Amino acid sequence: MANTEHEKPRPKKQRRSGELRENDAAAAERRRRIDAERRQLPAWAARDKLLALLQQHRTLVLVGETGSGKTTQIPQFLLAAKFGKSSGSKGAVPDDGADEGAAAGPGPGSARTAATAPAAGGHRAYGGGQCIAVTQPRRVAAMTVARRVAEEMGTKIGQQVGYAIRFEDVTSPATRIKYMTDGLLLREALVDPLLSRYRVVVIDEAHERTVHTDVLLGLIKGVQARRGDDFRLVVMSATLDAARFVDYFPGAVAALVRGRQFPVQVLYTARPEDNYLDAAINATLQVHGEEPEGDVLVFLTGQDEIDSAERLLKDRLSSLPAAARMAGVVGAAAELPGEEAAEGGGGGVEGGGGGPAAAEAAAAVGGRPRELLVLPIYAALPPEQQMKVFEPAPPGTRKAILATNIAETSITIPGVRYVIDTGHVKARDYNAKLGLESLAVVPVSQAQARQRSGRAGREGPGKAYRLYTEADFSQLAATTPPEITRCNLASVVLQLKAMGIDDVLGFDFMDPPPRTAILRSLELLFALGALDNSGKLTEEVGLRLSRLPVDPMFGRVLLAAAELGCGVEALAVVAMVSADNVFHTPRQKEAEWRAARLKFLSREGDHLTLLNVFRGFMELPKESHKARTGWCSDNFINIRALRKAEDIYTQLVRFMGHPCPPGLGLPLATCGDETTPLRRALTAGLFPHAARLQPDGSYRVIATGRQVFLHPSSVLLERKPDCLVFNELMHTTRTYARDATAIEARWLPELAPAFFAAKASAATAGVSAAGAAR
DNA sequence: GGGTTAGGGT
């Protein structure tokens with residue numbers, strides 16, 4: 001994430017007595033200003049109403065539009081109303097429901113709780129839970145919002161208000177409001193299935209429907225049934241889909257808090273565009289030529305597309321005479337959306353939104369910039385290049401930001417007044433029947449289009465140009481299907497099993513995933529030895545895998561590595577594959593990055609190549625930021641991805657090596673430069689993804705018989721070993737196997753006997769055999 | 001012979 005890189009630790013305040021009064025005066029003034037700002041927020045006006053609703057209902061669904069202040073204010077209201085309080089003091093809601101859960105007898109999860117909760121003896125006393133948890137889908141949001149709220153409350157971060165994200169826990173026993181990622185709360189639920197330390201859980205940005213949010217919603221529904229009246233749930237969503245949540249939670253009530261978004265004028269094209277990339281470039285040039293100042297944000301689908309759009313735009317700009325660049329001349333070839341429809345007017349505050357006329361009036365202030373700065377932004381872009389989009393455009397210039405959907409929710413770019421929406425997005429999908437992920441450009445949903453348009457109205461009235469017709473818009477899906485219905489569920493199913501939820505197929509999901517996806521995951525977990533014949537979690541493998549914060553197949557690699565004496569290497573490899581792609585491969589510099597990669601290349605495969613990169617990075621002086629960034633940029637390595645791999649590595653080392661429990665207490669030996677133990681460990685976890693070479697140069701997945709191709713990024717592309725294991729299948733133009741390592745076929749029946757045993761001879765002969773063993 | 005949207009984890 002772009003912002004993360006620039007989070008600086010706050011400078012320690014040196015308070016000498018002479019400065020004290022001045023500082024205090026400044027601080028008091030600051031508090032006064034913050035307080036005044038708070039009172040202006042729409043959420044403030046709704047305070048009493050919301051608290052009253054929450055006295056009477058166990059679930060409050062709060063639709064808070066952008067700018068309502070819900071994320072910062074609601075938790076403070078809850079705290080002030082004693083929903084989060086120091087132990088002992090009586091809250092606004094009586095505590096006498098505290099024993100209901102226990103009285104209701106053991107529900108799902110109690111058996112596992114007894115086995116894993118720190119305090120042995122079954123139920124922990126959740127009556128003591130007095131904290132307010134507020135979940136966010138993203139780490140940066142959890143961090144920054146917590147800091148803001150701590151400031152508003154005049155406390156130090158980590159005291160009354162804190163946050164917890166992976167690798168970082170800034171909370172203390174005094175913490176009453178805890179901002180955290182949804183994934184982290186899910187992890188906590190693993191050892192504390194009743195969420196006993198929380199009096200209230202607030203699920204923010206619920207409309208995003210991340211996998212973690214959806215699983216949490218399901219778990220909390222069960223928690224509510226068992227904890228009774230001492231527990232409250234607040235679901236906060238930015239869109240008007242409250243009914244879905246209200247229907248799902250018994251007795252839930254909904255409330256709406258208006259936002260403070262400026263009006264955005266939405267324009268559609270009169271006719272469908274046959275090339276949205278060309279259309280986007282034309283539209284950008286025309287906005288630049290005709291509209292008053294304000295930056296342009298263009299939504300495209302991926303890195304390649306952004307790179308070529310950048311080139312095309314720059315070419316068009318440089319071919320224009322300097323005088324024409326600033327005038328409307330460039331619009332000749334463009335046909336900007338003509339039909340208009342005001343949208344989001346309801347989101348406007350004072351005076352009910354303004355509409356197109358107000359937009360024109362406000363936007364007309366200031367002159368038309370001369371120069372257009374073209375800036376790309378996507379997650380894989382090196383941090384220093386990412387930062388450029390946050391710098392204000394110099395006087396007389398305008399920024400055109402070419403973005404992926406990173407700019408939809410993850411980052412907010414100041415200065416944007418114009419949005420160009422191509423109406424497309426690259427989206428991941430999962431075909432459970434084939435065990436296949438795919439990545440394809442698809443039309444956006446209406447909700448997504450609205451989210452994009454809204455980005456034009458953060459700082460003033462704006463305009464959104466949709467490069468499709470209004471009729472096309474009306475045909476779009478209302479919302480994007482929740483991620484849980486289109487992803488691999490191995491981890492989710494394992495977590496549920498670990499929480500004692502044995503009937504995963506019967507779990508009360510808000511939107512149930514396809515049955516085949518759950519069945520697939522159960523089969524995989526069984527093959528890995530995480531589940532026994534009756535579908536119960538096994539102590540030896542399943543329980544351990546559920547504790548490891550990595551994909552179950554990689555977790556299995558780690559357990560095998562501990563036995564095979566290559567724990568250190570396997571941890572590094574698993575950390576690397578768990579992080580994002582570390583290789584930066586700009587198309588224009590192909591020769592350079594290929595040359596740079598040579599020094600890490602292992603002829604045994606991609607996993608060992610990644611190990612070499614990791615080792616190279618770890619050899620650098622850790623304290624020298626300069627050495628590290630220099631090394632990364634010289635080698636076309638994404639430093640953000642590598643730092644993350646390093647964090648994961650550290651976390652895994654601590655966890656694997658730490659005595660059990662809470663760690664796994666496994667030995668971490670090194671195999672040095674010997675690769676066989678590591679490749680065998682990889683085989684022991686990735687065997688469902690073993691494939692044999694075919695005469696035509698393609699591969700056949702042994703477990704399924706499916707034909708796949710080695711991904712062009714693989715170091716094995718030329719060598720084409722007879723047998724390999726790979727991380728994942730991805731369907732783009734063809735079905736590709738990514739991240740592969742050469743193995744010996746005879747290891748398969750040896751390392752995964754239950755999977756390959758019966759058909760061992762057939763498997764080694766390259767015949768698709770083990771499919772039946774599933 | 002050819003290519004990786006965005007998030008997230010005790």
Side-chain angles (χ1 to χ4, degrees), chain A residues 1-2 116-118 135-142 164-169 180-192 205 208-213 215-216 299-307 377-380 403-411 424-429 437-442 444 448 480 483 487 491-492 494-495 498 546-551 554-555 578-587 590 638 641 644 647-648 651-652 654-655 658 661-664 696-698 709-714 717-718 720 727-728 730-734 736 738-739:
Chain A
M1 263 292 319
T116 57
T135 70
Q136 296 290 323
R138 283 167 291 279
R139 301 156 48 108
V140 179
I165 57 181
R166 189 181 190 181
F167 313 127
E168 206 184 343
D169 185 353
M180 63 204 300
T181 48
D182 48 15
L184 193 66
L185 184 57
L186 207 49
R187 278 278 146 186
E188 286 188 1
L190 210 52
V191 287
D192 178 15
E205 313 289 4
E208 289 192 27
R209 302 293 304 274
T210 68
V211 174
H212 292 152
T213 293
V215 176
L216 272 177
F299 284 101
L300 296 164
T301 65
Q303 183 176 336
D304 266 8
E305 197 172 275
I306 287 173
D307 287 350
I377 178 98
Y378 43 84
T404 60
N405 43 356
I406 190 173
E408 256 174 38
T409 49
S410 302
I411 61 169
H424 287 81
V425 65
K426 200 179 272 191
R428 209 181 246 268
D429 206 349
E437 288 177 300
S438 63
L439 207 52
V441 173
V442 296
V444 295
Q448 217 171 353
T480 310
E483 196 183 4
C487 74
S491 267
V492 169
L494 180 65
Q495 301 305 315
S546 75
R547 298 291 183 251
L548 282 166
V550 297
D551 183 275
F554 294 130
S578 301
D580 297 325
N581 180 18
V582 298
F583 296 114
H584 184 54
T585 57
R587 200 164 261 189
E590 180 161 345
N638 180 340
K644 184 171 178 188
D647 284 340
I648 297 173
Q651 186 186 32
L652 288 174
R654 204 174 301 147
F655 186 80
H658 194 283
L664 295 185
D696 65 357
S698 69
F709 296 85
L710 204 49
H711 194 277
S713 66
S714 177
L717 202 63
E718 285 177 24
K720 293 259 177 74
N727 284 0
E728 58 175 359
M730 175 68 73
H731 190 86
T732 49
T733 51
R734 292 200 292 190
Y736 289 110
R738 287 202 335 210
D739 294 325

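Chain naming here is simple, since letters A, B, ... match the order of the sequence lines and numbering starts at 1 in each. The structure displayed is predicted, hence computed values, not measured ones.
- In this structure, of B:dG9, B:dT10, B:dA6, it is B:dG9 that holds the atom nearest to the side chain of A:Ser491.
- Which of B:dG9, B:dG7, B:dT4 sits closest to the side chain of A:Leu439 comes down to B:dT4.
- Residue A:Gln651 places at least one side-chain N or O under 4.0 Å from the OP1 or OP2 atom of B:dT10.
- A:Asn638 meets the side-chain hydrogen bond (donor to acceptor under 3.5 Å, both in side chains) test with no other residue; sequence neighbours excluded.
- Considering A:Leu300, A:Asp307, A:Thr301 as possible partners of A:Tyr378, the one that fulfils the side chain to side chain contact (heavy atoms under 4.5 Å, CB included) test is A:Asp307.
- Here the nucleotide nearest the side chain of A:Thr181, chosen from B:dA6, B:dG9, B:dG3, is B:dG9.
- Ion pairing between A:Glu437 and A:Arg738 fails under the 4.0 Å rule for side-chain N and carboxylate O.
- Rounded to whole Å, the distance from CG on A:Leu185 to P on B:dG8 is 16 Å.
- Counting to the nearest Å, the C1' atom of B:dG9 and the CZ atom of A:Arg166 are 5 Å from each other.
- Taking side-chain N and O atoms only, A:Tyr736 has no distance below 4.0 Å to OP1 or OP2 of B:dG2.
- Distance from the side chain of A:Leu184 is smallest to B:dG9 among B:dT4, B:dG9, B:dA6.
- Closest to the A:Pro549 side chain, of the nucleotides B:dA6, B:dT4, B:dG9, is B:dG9.
- Distance A:Arg654 CZ to B:dG9 P: 15 Å, rounded to the nearest Å.
- Atoms CZ (A:Phe299) and C1' (B:dA6) sit 12 Å apart, rounded to a whole Å.
- When each of A:Val550 and A:Lys426 is assigned the nucleotide of DNA chain B with its nearest heavy atom, A:Lys426 is the one assigned upstream, toward the 5' end.
- Nucleic acid contact for A:Leu710: none, since no nucleic acid atom lies under 4.0 Å from a heavy atom of the residue.
- Of the candidates B:dG9, B:dG7, B:dT5, B:dG9 carries the atom nearest the A:Arg187 side chain, counting heavy atoms from C-beta on.
- Comparing B:dT4, B:dT10, B:dG7 against the side chain of A:Arg547 picks out B:dT10 as the nearest.
- By the ring-ring contact (aromatic ring centres under 6.0 Å, His included) test, A:His212 is found to be paired with no residue, residues two or more places apart in sequence or in another chain being considered.
- Put simply, the side chain of A:Asp739 does not reach to within 4.5 Å of the side chain of A:His711, judged on heavy atoms.
- Where A:Thr733 and A:Asp551 meet DNA chain B, the nucleotide closest to each residue was compared, and A:Thr733 sits on the side nearer the 5' end.
- A:Glu408 comes within contact range of no nucleotide atom at all, as no heavy-atom separation falls under 4.0 Å.
- When rounded to the nearest whole Å, the span between CD1 of A:Ile165 and P of B:dT10 equals 10 Å.
- Residue-level contact check: A:Val211 touches neither bases nor backbone, having no heavy atom under 4.0 Å from any strand.
- Residue A:Glu728 is out of contact with every strand shown, counting any heavy-atom pair closer than 4.0 Å.
- In this structure, A:Met730 atom CE and B:dG3 atom P are separated by 13 Å, rounded to whole Å.
- Looking at A:Cys487 and A:Arg428, their side chains never come closer than 4.5 Å, going by heavy atoms from C-beta outward.
- In this entry the distance linking CD1 of A:Ile648 with C1' of B:dG7 reads 13 Å, nearest Å.
- Taking only side-chain nitrogens and oxygens, A:Ser410 comes nearer than 4.0 Å to OP1 or OP2 of B:dG7.
- Taking atom CG on A:Asn581 and atom C1' on B:dA6, their separation rounds to 15 Å, with Å as the unit.
- Between the side chain of A:Arg738 and the base of B:dT4, a donor-acceptor pair under 3.5 Å is found.
- Within the nucleic acid shown, A:Tyr378 comes within 4.0 Å of sugar-phosphate atoms alone, with no base atom in reach, counting heavy atoms only.
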